[in-house]
Participant: 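Could you have a look at this structure, given as structure tokens, before my questions?
Chain letters run A, B, ... following the sequence lines, proteins first, then strands; residues in each count from 1.
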Number of protein chains: 2
Amino acid sequence: MQISKGVEWAAHAAVLLSALPTGRGLKAEALARYHSVPGPYMAKQMQALSKAGIVQTARGKHGGYRLARPAGEITLWDIMTAIEGSKSAFTCTEIRQNGPCGATPEQCRKKCAIAAAFHAAEVAFRESLQAISLVEIAAGVAADSPRKHLRNVGAWLEKEAVAIG
Amino acid sequence: MQISKGVEWAAHAAVLLSALPTGRGLKAEALARYHSVPGPYMAKQMQALSKAGIVQTARGKHGGYRLARPAGEITLWDIMTAIEGSKSAFTCTEIRQNGPCGATPEQCRKKCAIAAAFHAAEVAFRESLQAISLVEIAAGVAADSPRKHLRNVGAWLEKEAVAIG
DNA sequence: CCATAATCGGACAATAAATATCCGAAATAG
DNA sequence: CTATTTCGGATATTTATTGTCCGATTATGG
Ligand code: SF4
Ligand code: SF4
């Protein structure tokens, strides 16, 4: 039970992109430089976001990434599943079918109490993350940062942002 | 985000132990044989449960494992943390302190919106698992199994169970 | 239109974690 | 006391994560 750190990076990148006006974006190298993380690995996470349809891309000289839909419609769950895949965390090996008292497959049509309990916990986890969109995150970050820092970020974005059609 | 399969095995073993009367237990080899899983690896999980204080052990000729407290006071969360450790799934690298717009450590005293959201989701997950004890699991399994299967299990337990002081 | 430069995309190693196994330490029975 | 049986921690093997590289694709500018 360990969430890959690529999820954190992708979340940060998405929040940063959400601060840009519609139609503008950043290239992968700039996103990596902003947080001083390894460039190629940051790019890999962005590719995952792209395949999941969370960001749109443009290749070539003026390429880069921008959000594919409004920030309010992108939740942390979307980002996490884009990076980690959406298979459930608790994988059932059906060991109750093994051994001297193994149950028959017919008896295992519905999943047992253990699997059901973990599934319920995962649902709670998912719904909690689905309730938070990039808009809430960005608002929280802005509220916690001093005015001066926000100006710095704004200036940096203005310098690095590119138009993406 | 993947729950180790040792958790499933440990949960099954604990449920099986909860079916025994107080003061009786099973040895690791029997627990492994019951589900046809690799013996040494099953033993490793039982050691983790032992260190966490969930089961009591006895070594020597009539050794084995038995629950250390009533089944109603052992939750799935207890078992999962015993196997996987209790560190939080989302590990924060504090990358907001890096890069051209890095925040100072003073600005990072309280954790940011991203980390807070993941923490809240983990709390929801934990509370869901903490609400389920071995008693509920055992009742669910019993309700789903035909009478004949339960008799088989009972006979097997009677044959394998040992007294543990 | 074509060569060029810059960017994303997927294939490729290095590292860390989970999985499976072994042998020694401890305790009971006789 | 000694033999036997069991748990306990240290040890290999396999799998997933982390990090890196080079080729495919697109706009630019002559
Ligand atoms: S469904 Fe339940 S009983 Fe069957 S293998 Fe999974 S956890 Fe065990
Ligand atoms: S606390 Fe928040 S801002 Fe800081 S590194 Fe973690 S996720 Fe990023």
Participant: A/Val7 and A/Trp77: same hydrophobic cluster, using ILVMFWY side-chain contacts below 4.5 Å?
Facilitator: yes
Participant: So A/Phe90 and A/Phe118, would you call those rings parallel, tilted or perpendicular, with 30° and 60° as cut-offs?
Facilitator: parallel
Participant: How long is the line joining CD of B/Glu29 and P of D/dG8, in whole Å?
Facilitator: 16 Å
Participant: Please report, rounded to the nearest Å, how far the P atom of C/dA6 is from the CD atom of A/Glu160.
Facilitator: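 Rounded to whole Å, this separation is 15 Å.
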Participant: For C/dC8, does either OP1 or OP2 sit under 4.0 Å from a side-chain N or O belonging to A/Ser50?
Facilitator: no
Participant: Mind calculating the distance between CD (A/Gln47) and P (D/dT17) to the nearest angstrom?
Facilitator: 17 Å
Participant: Just how far, in rounded Å, is P of D/dT6 from CZ of B/Arg66?
Facilitator: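 My rounded result for the distance is 18 Å.
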Participant: With the side chain counted from C-beta on, respond yes when A/Leu26 and A/Leu157 share a heavy-atom pair under 4.5 Å apart, and no when they do not.
Facilitator: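 Yes. Closest side-chain heavy atoms under 4.5 Å.
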Participant: A/Met46 CE to C/dG10 P: how many Å, rounded?
Facilitator: 14 Å
Participant: Distance check, rounded to the nearest 0.5 Å: A/Glu94 atom CD versus A/Cys108 atom SG?
Facilitator: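 Answer for the CD-SG pair, A/Glu94 versus A/Cys108, is 5.0 Å.
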Participant: From CD1 of B/Ile164 over to P of D/dT6, roughly how many Å is that when rounded to an integer?
Facilitator: 11 Å
Participant: Quick one, A/Ile3 and A/Glu84 - any side-chain contact, counting heavy atoms below 4.5 Å?
Facilitator: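 A/Ile3 reaches A/Glu84 side chain to side chain.
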Participant: In whole angstrom, give the distance that lies between atom CG of A/Leu49 and atom P of C/dC8.
Facilitator: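 It is 13 Å, rounded to the nearest whole Å.
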Participant: Without placing hydrogens or testing angles, list every side-chain donor-acceptor pair under 3.5 Å for residues 138-149 of chain A, not counting sequence neighbours.
Facilitator:
unit_1: A/Asp144; atom_1: OD1; unit_2: B/Lys110; atom_2: NZ; d: 3.2
unit_1: A/Ser145; atom_1: OG; unit_2: A/Val141; atom_2: O; d: 2.9
unit_1: A/His149; atom_1: NE2; unit_2: B/Cys101; atom_2: O; d: 2.8

Participant: Which nucleotides of nucleotides 15-30 of chain C have their base under 4.0 Å from a protein heavy atom (B), which only their sugar-phosphate (S), and which neither (-), written as one string 5' to 3'?
Facilitator: ----SBBB---SB---
Participant: Could you tell me how far apart B/Leu26 (CG) and D/dT5 (C1') are, to the nearest whole angstrom?
Facilitator: 16 Å
Participant: Which is true for A/Ala43 with a 4.0 Å heavy-atom rule: it touches a base, it touches only sugar-phosphate, or it touches nothing?
Facilitator: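 Result for A/Ala43 = nothing.
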